[in-house]
2 protein chains.
Amino acid sequence: MSLAQIRYFVAVAEEGNVGRAAERLHIAQPPVSRQIRALEDEIGTPLFVRTPRGMQLLPSGRAFLDRARQILSAVDEASAAAKSAATGTPSWPTKPIYRRRNQRSER
Amino acid sequence: MSLAQIRYFVAVAEEGNVGRAAERLHIAQPPVSRQIRALEDEIGTPLFVRTPRGMQLLPSGRAFLDRARQILSAVDEASAAAKSAATGTPSWPTKPIYRRRNQRSER
DNA sequence: AATCCAGCATACCAAAACGGTATTGGACGC
DNA sequence: GCGTCCAATACCGTTTTGGTATGCTGGATT
């Protein structure tokens, strides 16, 4: 399970439609479709019913959705919390021990 | 930010040592080192001080650690919640709409 | 009931991310 | 100064991910 899969899932759940979810995520439709499938495979239970009108949440999907949103906000809060705890903390230790060396790309 | 990065971070924070964290994660040391670095780059602030004795958490790191643990348990709970909500739900809708077609591997 | 259409699934390929091995760089203790 | 302990970097092969093109399904329309 990856954060991307969780984000895709939330988008599909909210849009009820893979195509529109993909648009909202600024990626193509097939990757979203595949990741949703992979997510269902991994947790071992389907989360949606596929209909010709789109994707409809199953009870399992609704249960998952709650936690999924919780995870995504915790992720946002995590980096915000780290940053706010770092205010006043120098970006590098005043007495560097392992100095950061040159690097050619940020990968 | 990925779930792997978060898991690596927790391991390093708890071991205070990249090498041992790697061992505990059953992967090599350099990937852990790189992912921790990437995480710090992404959130924009260092989380550890590097010393010749190992890695020491900064205040930002302690703040991050709380949320990180929260995220990891929410991930576990998410799939458990979906599975438990699925009990009694047939694995496939009784009246299939989009039937799942053959596939050669589970990827 | 044949056709059309909306929408998810699959095949195939290219690009990016990831992990492993080997090696370097850096600080501390003797 | 030399050895040791650790983290960082270089480099490479593998895996994962996303994109494009296309197929398949079932309801709606007439």
Side-chain angles (χ1 to χ4, degrees), chain A residues 1-9 11-13 15-42 46-58 61 92-107, chain B residues 1-9 11-13 15-42 46-58 61 92-107:
Chain A
M1 180 167 0
S2 70
L3 289 179
Q5 285 175 340
I6 295 173
R7 289 195 195 96
Y8 296 0
F9 168 82
V12 171
E15 298 288 342
N17 179 308
V18 175
R20 280 222 304 279
E23 199 173 329
R24 168 173 145 185
L25 293 162
H26 302 108
I27 67 173
Q29 171 256 318
V32 179
S33 200
R34 271 177 294 169
Q35 295 290 357
I36 296 292
R37 178 75 76 189
L39 180 60
E40 292 175 320
D41 285 351
E42 184 178 343
L47 301 170
F48 294 99
V49 181
R50 276 81 172 162
T51 81
R53 305 302 235 178
M55 309 278 279
Q56 190 187 342
L57 271 180
L58 287 170
W92 277 277
T94 37
K95 188 195 174 212
I97 310 200
Y98 270 79
R99 226 182 7 257
R100 189 165 189 174
R101 270 167 281 159
N102 289 347
Q103 50 187 18
R104 63 186 66 249
S105 92
E106 76 292 330
R107 199 177 174 171
Chain B
M1 182 170 352
S2 71
L3 290 178
Q5 285 175 341
I6 296 172
R7 288 193 196 97
Y8 297 178
F9 168 81
V12 172
E15 299 288 342
N17 179 309
V18 175
R20 281 228 305 279
E23 199 174 327
R24 168 172 147 184
L25 293 163
H26 303 107
I27 68 173
Q29 171 257 318
V32 179
S33 199
R34 272 176 293 174
Q35 293 292 353
I36 296 294
R37 179 74 79 189
L39 181 60
E40 291 175 321
D41 285 350
E42 184 179 342
L47 301 170
F48 294 98
V49 180
R50 275 82 171 160
T51 81
R53 304 304 232 180
M55 309 278 279
Q56 189 187 344
L57 272 179
L58 287 171
W92 277 278
T94 39
K95 188 196 174 210
I97 310 202
Y98 269 82
R99 230 183 0 258
R100 192 166 186 174
R101 270 167 280 160
N102 290 346
Q103 49 188 19
R104 66 187 63 249
S105 93
E106 75 292 334
R107 200 180 171 165

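Please read these numbers as outputs of a predicted model, since none were measured by experiment. Labels below follow one simple rule: chain letters A, B, ... track the order of the sequence lines, proteins then strands, and each chain is numbered from 1.
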Can you measure from CD (B:Glu23) to CG (B:Asn17) and round to the nearest 0.5 angstrom? 9.0 Å

With rounding to the nearest 0.5 Å, note down the distance linking CZ in A:Arg37 to CZ in A:Arg50. 4.5 Å

Interatomic distance where [atom1] belongs to [X] and [atom2] belongs to [N] [whole Å]:
| X | N | atom1 | atom2 | answer |
| --- | --- | --- | --- | --- |
| A:Arg53 | C:dC5 | CZ | P | 14 Å |
| B:Phe48 | D:dC6 | CZ | C1' | 14 Å |
| B:Gln35 | D:dT16 | CD | C1' | 13 Å |
| B:Leu25 | C:dG20 | CG | P | 10 Å |
| A:Ile36 | C:dG7 | CD1 | P | 17 Å |
| A:Glu40 | C:dA9 | CD | C1' | 12 Å |
| B:Arg20 | D:dA7 | CZ | C1' | 14 Å |
| A:Leu57 | C:dC8 | CG | P | 13 Å |

Output the single nucleotide from [options] whose closest atom is nearest the side chain of [X].
| X | options | value |
| --- | --- | --- |
| A:Tyr8 | D:dG18, D:dC6, D:dA8 | D:dG18 |
| A:Met55 | D:dA7, C:dC8, D:dA28 | C:dC8 |
| A:Arg37 | C:dG19, C:dT10, D:dA7 | C:dT10 |

Results of side chain to side chain donor-acceptor pair (under 3.5 Å) for A:Gln29 - residues two or more places apart only: none

For B:Glu42, enumerate each residue passing the side-chain contact (heavy atoms from CB on, under 4.5 Å) test, keeping only those at least two apart in sequence or located in another chain. B:Met1, B:Gln5

Answer yes or no: is there a donor N or O on one side and an acceptor on the other, between the side chain of A:Glu40 and the main chain of A:Leu47, under 3.5 Å? yes

Sequence neighbours left out, what passes salt bridge (charged side-chain N to carboxylate O under 4.0 Å, His left out) with B:Arg20? Give chain and number order. B:Glu15

Starting at the 5' end of DNA chain D and moving along, which residue's nearest nucleotide shows up first, B:Gly16 or A:Ser2? B:Gly16

For Watson-Crick and G-U wobble pairs within 3.5 Å on both distances, what is DNA chain C written in dot-bracket notation, | included for inter-strand pairing? ||||||||||||||||||||||||||||||

Under-3.5 Å N/O pairs linking protein and nucleotides 19-21 of chain D:
from, atom 1, to, atom 2, distance (Å)
D:dG19, OP2, A:Ala28, N, 2.8
D:dG19, N7, A:Arg34, NH2, 3.3
D:dG19, O6, A:Arg34, NH1, 3.4
D:dG19, O6, A:Arg34, NH2, 3.1

A:Phe9 meets the ring-ring contact (aromatic ring centres under 6.0 Å, His included) criterion, sequence neighbours left out, with A:Phe48, A:Phe64

Less than 4.5 Å apart, any side-chain heavy atom of B:Tyr8 and any of B:Leu39? no

Hey, does the side chain of A:Arg50 come within less than 4.0 Å of C:dG7's phosphate (OP1/OP2), counting only N and O? no

For A:Pro31 versus A:Ile27, what's the shortest heavy-atom pair and its separation? CB-CD1, 4.2 Å

